Amino acid sequence: MRAGELAAVRGRLEEFASEVFEPLVRRDWLEKGHLYLRGLLLDGRRKSMQPMAERLGVDHQRLQQFMTSSTWPVSDVRARLAWRAVAVVRPQVWVVDDTGFPKDGKASPGVARQYSGTLGKVGNCQIGVSVHAASDTASCPLSWRLFLPAIWDGPQAVARRTACRIPDNEHHRPKWQLALDMLDELDGIGLRPAALVADAGYGANADFRRGLEDRGRAYVLQAKAEMTAHGEEAVPHQPAYSGLGPRPLPRYRTRPVSLRDHVLAAGRGHGRTLTWRKGSKAAMSSHFVLLRVRLAGRRPKPAQDGTIPLSWLIAQWPENEAEPTKYWISNLPADIPAKDLVRLAKARWRIEHDYRELKTALGLDHFEGRSFVGWHRHVTLVTAAHLFLTEQRSSPKAPARA
C-alpha cells in the first residue's frame with residue numbers, strides 16, 4: 001500500500017491492531033506491533049527490519065528488540081488472528097502446506113540444503129509449514145512452524161542452536177508432525193476444520209493419515225499413483241487357529257494393487273466430467289474417475305474383524321491422456337456428491353495465491369534475523385498484515401472473536 005492508501009484506512013488498521021494485539025499488555029509492545037504492521041503494509045522492495053524502519057522514520061533497533069529479545073506472547077496473538085481469520089474467510093476447508101525461504105548463509109535457524117517446492121530443487125533454505133483456512137473467495141494462514149532438519153539436533157548443533165536461541169524442547173520433527181501439532185493447538189482454542197486438504201507430500205504419509213483419523217478429522221489428500229489399495233469387494237480371511245500361541249489376525253488373501261491400476265482397470269468410461277469452480281475466463285472442469293477402495297500399505301487401521309475401512313479414490317483423467325494425471329484419497333462419507341468431493345480436492349489453489357501475496361507484497365521471506373522465536377513472530381505479523389488486506393477486500397468491517 002502507498003502511504004496515502006494506508007492513511008486512508010488508518011482508523012480501520014488501528015481498530016484491527018488493537019484487537020489482535022490485545023495480548024501485548026505493555027504499551028511499548030503495542031506501539032512496536034503497530035509500527036511493524038504498518039511497515040509490512042507500506043510499499044517497499046524489502047520488508048526486513050532496517051528498510052522498514054527507514055520508511056517508517058524510526059530507529060531499526062526498536063523493531064529488532066521487539067522481534068528478537070522481548071517476551072511478548074506470539075502464541076496468544078496467533079490465536080486471536082486464527083479466530084478472526086476463520087470468521088472472515090468462513091472456510092470450506094483447511095489446507096496444510098509448506099514453503100521455502102531461500103538463504104545465502106548457514107546462520108539462520110533451520111537452514112540447510114533441502115528440497116524446496118518453491119525452488120523446485122534442493123537448495124539452501126528454511127522450510128515453513130503452515131495451516132490455512134480457505135474458501136472459494138478468500139484464504140488466510142492460521143498457524144506456522146519452522147521445520148528443523150535433523151542436522152539441527154545433536155552435539156554438533158549446540159553452538160548454532162544457542163546462537164539462534166532455539167528452545168531446548170524444539171527439535172527435529174517431520175513436517176507432517178508439525179502439521180498435526182498445529183491442528184492440536186488450534187483445536188485447543190476451539191477451532192476445527194470441516195475437512196482438511198494437503199498435497200501428496202502429506203497425503204502419501206501413512207502416519208499423517210493415521211494421525212488425522214485418530215483425531216477424527218475428515219480429509220481429501222493428494223496421493224501418489226503407486227500407493228496401494230484393495231478393491232471395494234475385498235474381504236479379509238480368518239486363518240484357522242492351530243491351538244498354539246496367539247490367535248492369528250484376519251488378513252486379506254489378495255495382494256493390494258496400485259491406485260493407478262485400480263483406475264486403469266475401471267477405465268476412463270467409468271468416470272464423468274465435473275466442474276469444481278469458475279475460473280477467470282471459463283469454468284474449471286475435467287474428467288474424473290471416482291472409486292471406493294481399501295487403502296493398504298503402512299499402518300492401515302482395520303476393524304476388529306480385519307476389515308480395512310473404505311476410502312474414496314479420486315483420479316483426474318484429462319482428455320487425450322493415456323492414464324490419470326492426479327490422484328486423491330478421502331475418508332469423507334460414501335454419500336458425498338462427486339462434485340463436492342472434487343471441489344474439495346482442488347481447494348489447494350488458493351494457498352498458492354496466499355504464498356505469492358505473503359512473499360511478494362508482504363515480505364514473508366524477507367526476515368534476516370537469526371532468532372527462532374523472531375522467525376515465528378515475523379511470520380505471525382505478516383499473517384496479521386495479510387488478514388487485514390483480506391478483510392478490506394471482503395468487507396469494511398470484520399467480526400472479531402466473541
Side-chain angles (χ1 to χ4, degrees), residues 93 96 174-177 179-180 183 193 195-242 245-271 287-317 321-336 338 340-342 344-346 348:
V93 296
V96 169
K175 299 181 187 75
W176 63 265
Q177 183 62 64
L180 293 178
L183 294 176
L196 188 108
V197 302
D199 68 16
Y202 297 88
N205 188 290
D207 293 308
F208 181 63
R209 298 197 306 271
R210 182 68 175 267
L212 294 178
E213 291 162 3
D214 289 345
R215 290 162 172 79
R217 300 290 188 269
Y219 60 72
V220 185
L221 304 173
Q222 194 167 356
K224 295 180 179 179
E226 61 269 23
M227 290 170 57
T228 59
H230 298 280
E232 180 177 10
E233 303 303 324
V235 294
H237 164 70
Q238 177 64 66
Y241 179 47
S242 67
R247 289 185 177 274
L249 297 174
R251 59 178 181 265
Y252 286 84
R253 283 178 162 176
T254 55
R255 291 180 61 85
V257 301
S258 70
L259 302 185
R260 176 192 291 111
D261 287 344
H262 277 291
V263 180
L264 292 177
R268 194 173 185 277
H270 188 79
H287 195 82
F288 293 88
V289 175
L290 280 73
L291 303 173
R292 299 287 279 165
V293 297
R294 303 180 189 276
L295 290 172
R298 291 181 57 247
R299 301 199 71 181
K301 192 177 180 181
Q304 191 171 3
D305 66 356
T307 303
I308 298 174
L310 285 167
S311 298
W312 281 108
L313 166 58
I314 308 110
Q316 183 175 356
W317 196 339
E321 292 287 348
E323 63 178 68
T325 55
K326 291 182 180 178
Y327 298 83
W328 296 264
I329 52 177
S330 174
N331 65 349
L332 284 165
D335 59 353
I336 184 172
D340 292 340
L341 201 55
V342 167
L344 293 173
K346 288 287 190 175
R348 282 188 60 250

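Since the model is a prediction, treat every value here as computed from it, not as a measurement.
- A distance-only check finds a donor-acceptor pair linking the side chain of R215 to the backbone of G211 [under 3.5 Å].
- Scanning both residues, I336 and D340, for their nearest heavy atoms gives CG1-CB, 4.0 Å.
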Go through L180 and L212 one step at a time and tell me if the side-chain contact (heavy atoms from CB on, under 4.5 Å) criterion holds. CA-CA 8 Å; L180 293 178; L212 294 178; 3.9 Å; yes
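- Within the 4.5 Å cutoff, side-chain heavy atoms of H270 are placed close to those of L291.
- Residues R210 and D207 fail the side-chain proximity criterion, which asks for heavy atoms closer than 4.5 Å.
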Per-pair distances, 0.1 Å, donor-acceptor, side chain in residues 257-269, under 3.5 Å, sequence neighbours excluded:
residue : atom : partner : partner atom : Å
S258    : OG   : D261    : N            : 3.0
S258    : OG   : D261    : OD2          : 3.3
R260    : NE   : E323    : OE2          : 2.9
H262    : NE2  : A229    : O            : 2.7
R268    : NE   : W317    : O            : 3.2
R268    : NH2  : W317    : O            : 3.2

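- Rounding to the nearest 0.5 angstrom, the gap separating the CG atom in L295 from the CG atom in L313 is 8.0 Å.
- Summarising the geometry of I308 relative to Y252, their closest heavy-atom pair is N-OH, 2.9 Å, with the distance given to 0.1 Å.
- The heavy-atom pair separating A179 from Y202 by the smallest distance is CB-CE2, 4.4 Å.
- Of the possible donor and acceptor atoms, none in the side chain of R251 sits under 3.5 Å from a partner among the backbone N and O of Q238.
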Go through L341 and I314 one step at a time and tell me if the side-chain contact (heavy atoms from CB on, under 4.5 Å) criterion holds. CA-CA 8 Å; L341 201 55; I314 308 110; 3.8 Å; yes
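- With hydrogens and angles ignored, the 3.5 Å screen pairs no side-chain donor or acceptor of R294 with any backbone N or O of H230.
- Q177 contributes atom CD, which lies 13.5 Å from atom NZ of K175 (distance to the nearest 0.5 angstrom).
- With contacts defined as side-chain heavy-atom distances shorter than 4.5 Å, the pair L183/L196 qualifies.
- Residue-environment remark: CZ (R292) exceeds the threshold of 12 foreign heavy atoms within 6.0 Å.
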Quick one: side chains of residues 325-333, donor-acceptor pairs under 3.5 Å with protein atoms, not counting sequence neighbours, listed by atom name and distance.
residue : atom : partner : partner atom : Å
T325    : OG1  : Q316    : O            : 3.4
W328    : NE1  : A345    : O            : 3.3
S330    : OG   : Y219    : O            : 2.7
S330    : OG   : L332    : N            : 3.1
N331    : OD1  : Y219    : N            : 2.7
N331    : ND2  : R217    : O            : 3.1

